[in-house]
Asker: 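Following this message is one structure expressed as structure tokens.
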Amino acid sequence: MAESPKIKMDEKMKEIMTGYYIEAKTASETGKKVAWITSGGPVEPLIAMDVIPVYPENHGAMIGASKMGGDLCERAEAMGYSGDLCSYARSDIASAVIEGGPIGGLPKPDMLVACNNICGTVMKWYEVLARFYNVPLFIFDTPMCHTEYREESKRYVKRQVLEYIAFLETVCKKKFDYDVMAEVGRRSIQAQQLWQAVLDTAMARPSPMTAFDGFYHLALIVTLRGTQIAVEYYKDLLKEMEERVSRGTGAVPNEKYRLMWDNLPIWYRLKWLSRKFAAHNACLVADTYNTAWCRSLRYIHSEDFLDSMAEGYTRMYLNIGIDQMADTIIEMVQKYKADGLVMHSNRSCKPYSFGQFDIARMVRERAGIPCLMIESHMVDERSFSESQTETRIDAFMEMISSTPH
Amino acid sequence: MNELSLFIQAAAHPDECAARIQNQGKKIIGYLCSYTPEEIIHAAGAHPVRLFGTGETILNADRHLQSYCCSLARGVLENAVSGRLDFLDGAVFPHTCDTIQRLSDIWRLNTDFGFFADVVLPVKFDTESARDYLREVLEKFKEELERWLNITITDQSLGRSFEIYNTIRKKLTELYELKSENPELISGRDLAAVVKGTMIMERDSLPDHLGRLIAEIKSGLYTRSDTGKKKRLILSGSICDHPDFYELLEKSGGIVVGDDLCTGERFFEGEIEQTGSPMKAISRRYAERTICPAKHVSERARGEALIKKVKDRNAQGVIFLFVKFCDPHAFDYPYIKEMLEKESIPGIMIEVEDQLPPEGQLKTRFETFIHML
Ligand code: SF4
Ligand code: SF4
Ligand code: SF4
């Protein structure tokens, strides 16, 4: 089997992330404040206040990718945390306590910001952190939009934007600069647009990238959106992908089948999965996870970033009803011309996984494509059954290849 | 028939009880969580019924919810899609844990009982904006009920419902006090049935039933003979719908003298003030009552409340009773356990699904724990 071509920007990503973590870990020397924030949380005001945002979830992903999740999760269990809890939370909590993991623990926070637009787990997780580090916690509450974004939610979230700013002013002991904020907002939108454009290159046949590549290059849109670094990075990445498209270079040599992925990645099995699908000439061209970070583009505007951000953050992918999630997937199936949907039934993430059976049914009925379900705990490798997953993927690919395209 | 048997019957056969009430022309609204504004449903002339897990095998719910979903959500859904809840005219889903959020979506798309509402409560109660939002959400829920039933829910009818609920809650508090002072007056199993009964039976007559029940209890009608010295314990968790649990515990030498359950004290704690805006009054009770782990008032509120309860009730230990796969409770366990340890209060944790662990195993765990006290 031909190897997938390497993305040149991989190196750049490594460099940026290393620099970012060094800056964060030396914050106490440079006098900068560090905030821990959830991946779907409103990070832009932090950037505007020159606070270094640190993402325990990104940390969780690193732990998973370096296959240290099983060990850390076990330690969390020894501390009394049930093995059924989200493995990001378990591994991060353990690594905080023992200062372990791939980078020896995250830099200590001066404040915590938990936004529940992805799950209720983050609130519980950040309460644990608030007790452990004894620092202030701001809960940015984004009422779930099962069917709509209601007027009363709108008012509530907007009020919280102001409370959030007041919270930052207190912790940072300085005034919030609205001009800087406007600039950060513009950059955040620009980075999200670029990220969307990068993902859109996967519409090409063959696709220049896979969702697995996306999981790697996603780090900056999660971690540094609102900075110029992210903007420049995605410009370059976009250029590389566009060049691939014009040369007809596919991420999967001999791309024959195009699939979609749902849910978080199985971090400790990324390479294995990507090889597995590539061996079947299948390319994962799109997914619901990478796109979650540009979904709010339809609601936010640079003219009134702070105000429109309330809506953008409240209507995140996981904060909507499963019927809207199914609509989103079906749109993507059509946009990226997918032949099948691979759903990761993720024991770690209940809000992402419960409802998948219903979503699969809707996708099958309305988009007419088959769905595969594979189960794991995304960073706890102890839970993964390789042989079972392999058999299921093989059977699924056989089914796809026997249906006419 | 004595009063107690009424409650026991309702608790054992909620469907029959609800169907009877429905025959009197009332709409039946099901709910799963103790943050359901029952008072508004009652003021609308409808009848709120709490839904519990199933004793049946999970067959149909498996097509909607994975095996790693808590047995409460799976059980209720199983009952709903298998036709066992056909007495319902509707259901309401307050915002609580992630599981219930998705259960609500699945319910909305797969069942057809008539009325359906999400009551997207705030996740925190410690800020003014959250409490204002809570009030508005309750107001919206009231309007939804009004539209569905084509009625107006007046402040008077709300006031009347508050009155009834306040009385019910006061009487349940009194019952718990009686039990705590004289544990032999009523068994844990029966007391649990009484509380469960109040989530199912017709509410208007409950104050009278409870009044008579208390008189009967005081007269010694249900006094137990096995009055051997028992260790006083507090039960903490989400729900306990296992009558055998209490019996087994008592056989093992323990007795529950108070709880931190949402099928127990968290459900009936606190009164609604009769002054000012009704929705504000309901939200004030939510903000002041002992918090559920899916909600936030402070980082240690639950631990502090539990320790206070242990001391107030003169208890010697805590049993954590968790539903497997219940995230909010599982997250709080390590810190609360640690807080208890600092106070030298022993605790054990027992995890259950729809069924209790095998009797022998549970009994051994109880006995070992109780011996240690
Ligand atoms: S439960 Fe899901 S959304 Fe929440 S932190 Fe874990 S993986 Fe992320
Ligand atoms: S534990 Fe919380 S969410 Fe669960 S039923 Fe009780 S109050 Fe509701
Ligand atoms: S038992 Fe726990 S997980 Fe299940 S519905 Fe109640 S709060 Fe949610």
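By convention in this document, chain letters (A, B, ...) are assigned in the order of the sequence lines, proteins followed by strands, and residues within each chain are numbered from 1.
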Asker: Relative to chain B, which segment of A:N134 carries a heavy atom at a distance below 4.5 Å: side chain, backbone, both, or neither?
Answerer: neither
Asker: Quick test of your reading of the model: are B:D332 and B:R302 salt-bridged, counting only N-O distances below 4.0 Å?
Answerer: yes
Asker: Taking side-chain contact (heavy atoms from CB on, under 4.5 Å) as the test, write out the residues that go with B:Q355, two or more places apart.
Answerer: none
Asker: Measure distances from A:A360 to the heavy atoms of chain B and classify the residue's part below 4.5 Å as side chain, backbone, both or neither.
Answerer: neither
Asker: Name the region of A:R155, side chain, backbone, both or neither, that has any atom closer than 4.5 Å to a heavy atom of chain B.
Answerer: side chain
Asker: Does any heavy atom of chain B fall under 4.5 Å from the side chain of A:D323, the backbone, both, or neither of them?
Answerer: both
Asker: What residues of residues 110-117 of chain B sit under 4.5 Å from chain A when only non-hydrogen atoms are counted?
Answerer: B:N110
Asker: Select one option (side chain, backbone, both, neither) describing which atoms of A:R90 are under 4.5 Å from chain B's heavy atoms.
Answerer: neither
Asker: If I measure from the heavy atoms of chain B, does A:I118 come under 4.5 Å with its side chain, its backbone, both, or neither?
Answerer: neither
Asker: At a 4.5 Å cut-off on heavy atoms, which part of A:T142 comes close to chain B: side chain, backbone, both, or neither?
Answerer: neither
Asker: Any luck finding a side-chain donor-acceptor pair between A:Y352 and A:T288 under 3.5 Å?
Answerer: yes
Asker: Below 4.5 Å from any heavy atom of chain B, which atoms of A:I93 appear? Answer side chain, backbone, both or neither.
Answerer: side chain
Asker: Scan side-chain atoms only and decide if A:S353 and A:N263 contain a donor-acceptor pair under the 3.5 Å cut-off.
Answerer: yes
Asker: By a 4.5 Å heavy-atom criterion (distance strictly below it), what part of A:M144 contacts chain B: side chain, backbone, both, or neither?
Answerer: both
Asker: Heavy-atom pairs under 4.5 Å with chain B - which of A:E163, A:Q356, A:M362 has more of them than the others?
Answerer: A:E163
Asker: State which residues pass salt bridge (charged side-chain N to carboxylate O under 4.0 Å, His left out) with B:R289; sequence neighbours excluded, sorted by chain then number.
Answerer: none
Asker: I'd like to check the salt bridge (charged side-chain N to carboxylate O under 4.0 Å, His left out) partners of B:D132; sequence neighbours left out, ordered by chain and number.
Answerer: A:R159, B:R135
